[in-house]
Colleague: 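Dropping the structure in here first, questions after.
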4 protein chains.
Amino acid sequence: MNTQQTAEGAARPAGRPRSEKAERSIIEATLDLLGEGIGVSELSIESIASRAGVGKTTIYRRWSNKEDLVVDALATLKPPIPLPQGGTVRDDLVTYLRVIQEETRHLRTRCIMNIAMSDSERHPRLAERFRELAVEPRRAVVAAVLRRGMDTGELRADLDVDMALALLSGAMVWLTKWSDGHSPADLPERIVDEALKGFRPRPAE
Amino acid sequence: MNTQQTAEGAARPAGRPRSEKAERSIIEATLDLLGEGIGVSELSIESIASRAGVGKTTIYRRWSNKEDLVVDALATLKPPIPLPQGGTVRDDLVTYLRVIQEETRHLRTRCIMNIAMSDSERHPRLAERFRELAVEPRRAVVAAVLRRGMDTGELRADLDVDMALALLSGAMVWLTKWSDGHSPADLPERIVDEALKGFRPRPAE
Amino acid sequence: MNTQQTAEGAARPAGRPRSEKAERSIIEATLDLLGEGIGVSELSIESIASRAGVGKTTIYRRWSNKEDLVVDALATLKPPIPLPQGGTVRDDLVTYLRVIQEETRHLRTRCIMNIAMSDSERHPRLAERFRELAVEPRRAVVAAVLRRGMDTGELRADLDVDMALALLSGAMVWLTKWSDGHSPADLPERIVDEALKGFRPRPAE
Amino acid sequence: MNTQQTAEGAARPAGRPRSEKAERSIIEATLDLLGEGIGVSELSIESIASRAGVGKTTIYRRWSNKEDLVVDALATLKPPIPLPQGGTVRDDLVTYLRVIQEETRHLRTRCIMNIAMSDSERHPRLAERFRELAVEPRRAVVAAVLRRGMDTGELRADLDVDMALALLSGAMVWLTKWSDGHSPADLPERIVDEALKGFRPRPAE
DNA sequence: ACATAATCGAGACGGTACGTCCCGTCTTGTT
DNA sequence: AACAAGACGGGACGTACCGTCTCGATTATGT
């Protein structure tokens, strides 16, 4: 986490203030390198400094270790694709999975996802950050979609929202990771349809 | 992959044969270190050699790189817990998920799983090996359970076995990774029940 | 060399005048550090600024480089011991050498002399300054002593004054530097006597 | 001082022996850089390693600090010019001073001499080494010349040999350092003649 | 029994990156 | 305008490992 205090009432510290430009270029260089498939462990401070056109000191002055820097770098990433939520529940869920699928096709996103997925043991802060930034916002959106479905009667009224999300997302990730080849284009539909069969209310009930 | 040929009929090569003891202690040291939470990237040949009481050359002579060594080390791991398959389909599936849950409670298994999950980009061979050793055997067992259920009428006849496996396993992994706290004890039951509602045939259809 | 012009008629520049106190404390800190045995190369502007309680800018504003600062610092040093010139030529010369000897006993003077002696290759301005401040005044005094001796007949009338000075001073420095232990108390007498006699045997003595 | 034991009876240590070639090229690079006018303080291990085509570790493995390396480097230097000793005493002494004068004309020797002269406070081992290697051998040669002169009657029988050497060498160094311009070609003759005569007038001449 | 030969441990090799220190320059708000 | 404070890009420090390369010693087999 960045060391510099930005508290409102705090007196500005003496001396030259830290350069925002340098900070930005450091973050950018970090994301660049991560996006090129370089893992957190292989990522060297020196390479970041060199690409950012910055002295090593300027990095160490802000972040005491690599993990903190990567955490802050990931924090600047926007939730990549806004989720549409206007069609039927099935359509919205399919779209949601398709967004996940699409992201794994782009190297940069795939690498960053890998970073988040891996090493949650060694880099717990990193994983936590990813949860806040990437997982939680989507969870909220999909939860809204599911709840809408429960209201309109499209879904079971007693559906466990978190469980439903886990079934959908988990299946998508699992199949992408462990299926033989690359995920086929109709995978999102197939997952949603299979899962929905359980979410829907029984016709004669 | 180990270079030395041990084919039956092949003439024994001249010179001092490779020490099996050294080989074993190298593998053991590797698994030890991985089990202590050291990641593949952080794992150094030097530390393995030192812990195994072996020269670096003795390692490099057998494996041309770190990844190959880790692959071979993982290969010596047994499928940790045999899956019971005697009860109802629901019971067997719950047991399957409980095994996964149990494994993530032990540091060593958790670390090794993390290895497999992460870095599939940078270490594809490693991920592939993990698929063969850990994923595939379980997939077969669960598939058998599911097919038995389809035969007995406990499950839909048109169930997509792979999809069902993905929904169950994926949800388990997802919730373990992204839920707020640690996974509760009844998580396997809840996942299976939620998923089964979709796998079962409709009563009045 | 100090950049600020202090010429009488020049218009006083606008803005806050430079602090004389800062200037003095910078010089003092510099001499302190040099006197503690820190060489010119090891002497850091940062350490001077810190010891003087001054910002680095305040130093660089006055001197464009370290050498200039050291030159100015040396310039503030007084010719340490006034040379007596009242006795016989021999006595005055012995006193002169004893002054040199005495100076090398004090760490501070010894360090500053070392500065002057060394690095004349890398710091020619520094060596030149030392010549002006320390060597030349003494040369003048000793030259006067020698000339008095030539007038009174105590010394050869055709004596080469510069050469005589070089023989005396050079021998003193040489023996202090390269003799086995520390210079004995009677070294000045012995040098002067030996030099006065010459190497050749007296024809009729 | 080099760490490696070369004692006769000592058992050869295990592992790959240290490369003599690397050692030589390190020493050579060091002397090269010193000869180019780079001072001991400015001399960086990294520049030596780079010029010698050697890793930094290879240097640090042998010498724990820069001074030890420079000491060993200077130790490899031969006494540069053999002193002739066949003519009259005066001629031999002039030749001796001319050798010194000549050496100060070559950058490399001048630089190395400067190293030895300076910083005897901070680098006493270095100065001591220089005394052994450069000063002492010459002292011995000149002492022999002087003693020969004392035997043949060319010089006073009670001449203090060390003092005479100090007068000659000291004057040469002093004049080279502190005279206005560069030392004139006839400086050695003039010094020797002046020293030989002594300062006092001859009584019966 | 003895030469041949591959492997063993140890550790030096040329490198890369580490995190720290200091360089000389620059950019702030205050005096 | 000068001041202190301190951030800036840069370069060297001494350390830790990398993967490769010699070493003498060991341990088998084929004469």
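Throughout, protein chains are lettered first and strands after them, A, B, ... in sequence-line order, and every chain is numbered starting at 1.
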Colleague: Sequence neighbours excluded, which residues qualify as side-chain hydrogen bond (donor to acceptor under 3.5 Å, both in side chains) partners of K56(B)?
Modeller: E46(B)

Colleague: Show the distances under 3.5 angstrom between N or O atoms of the protein and N or O atoms of nucleotides 25-27 of chain F.
Modeller:
residue	atom	partner	partner atom	Å
dT26(F)	O2	R16(B)	NH1	2.8

Colleague: Can you name the side chain to side chain contact (heavy atoms under 4.5 Å, CB included) partners of S50(D), sequence neighbours left out?
Modeller: none

Colleague: Return whichever of S44(D) or E46(C) has its heavy-atom-nearest nucleotide of DNA chain F closer to the 5' end.
Modeller: E46(C)

Colleague: Rounded to whole Å, please give me the gap between CZ in R62(D) and C1' in dG11(E).
Modeller: 12 Å

Colleague: Test of understanding: with side-chain hydrogen bond (donor to acceptor under 3.5 Å, both in side chains), list the residues that count as partners of S47(B), not counting sequence neighbours.
Modeller: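 Counting only residues at least two positions away or on another chain, S47(B) forms a side-chain hydrogen bond (donor to acceptor under 3.5 Å, both in side chains) with S44(B).
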
Colleague: Show every donor-acceptor pair shorter than 3.5 Å between a side-chain atom in residues 28-35 of chain B and any protein atom, with sequence neighbours excluded, or say none if there are none.
Modeller:
residue	atom	partner	partner atom	Å
T30(B)	OG1	I26(B)	O	2.8

Colleague: Mind calculating the distance between CG (L69(D)) and P (dG14(F)) to the nearest angstrom?
Modeller: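 Those two atoms, CG and P, are 11 Å apart.
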
Colleague: Would you please name every residue forming a side-chain hydrogen bond (donor to acceptor under 3.5 Å, both in side chains) with R16(D), sequence neighbours left out?
Modeller: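 Expected list: none.
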
Colleague: Rounded to whole angstroms, how far apart are CH2 on W63(A) and P on dT20(E)?
Modeller: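 Between P of dT20(E) and CH2 of W63(A): 16 Å.
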
Colleague: More 5' along DNA chain E: I45(C) or K66(A), using each one's nearest nucleotide?
Modeller: K66(A)

Colleague: So which of residues 52-60 of chain B are in contact with DNA chain F, with a heavy-atom cut-off of under 4.0 Å?
Modeller: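 K56(B), T57(B), Y60(B), in order of number.
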
Colleague: Salt bridge or not for E23(D) and R62(D), using N-O below 4.0 Å?
Modeller: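 The answer is yes: the pair qualifies as a salt bridge.
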
Colleague: In whole angstroms, how far is the C1' atom of dG24(E) from the CZ atom of R61(C)?
Modeller: 14 Å

Colleague: With sequence neighbours excluded, tell me which residues meet side chain to side chain contact (heavy atoms under 4.5 Å, CB included) with S19(B).
Modeller: K21(B), A22(B)

Colleague: Excluding sequence neighbours, so at least two apart, what forms side-chain hydrogen bond (donor to acceptor under 3.5 Å, both in side chains) with R51(B)?
Modeller: E36(B)

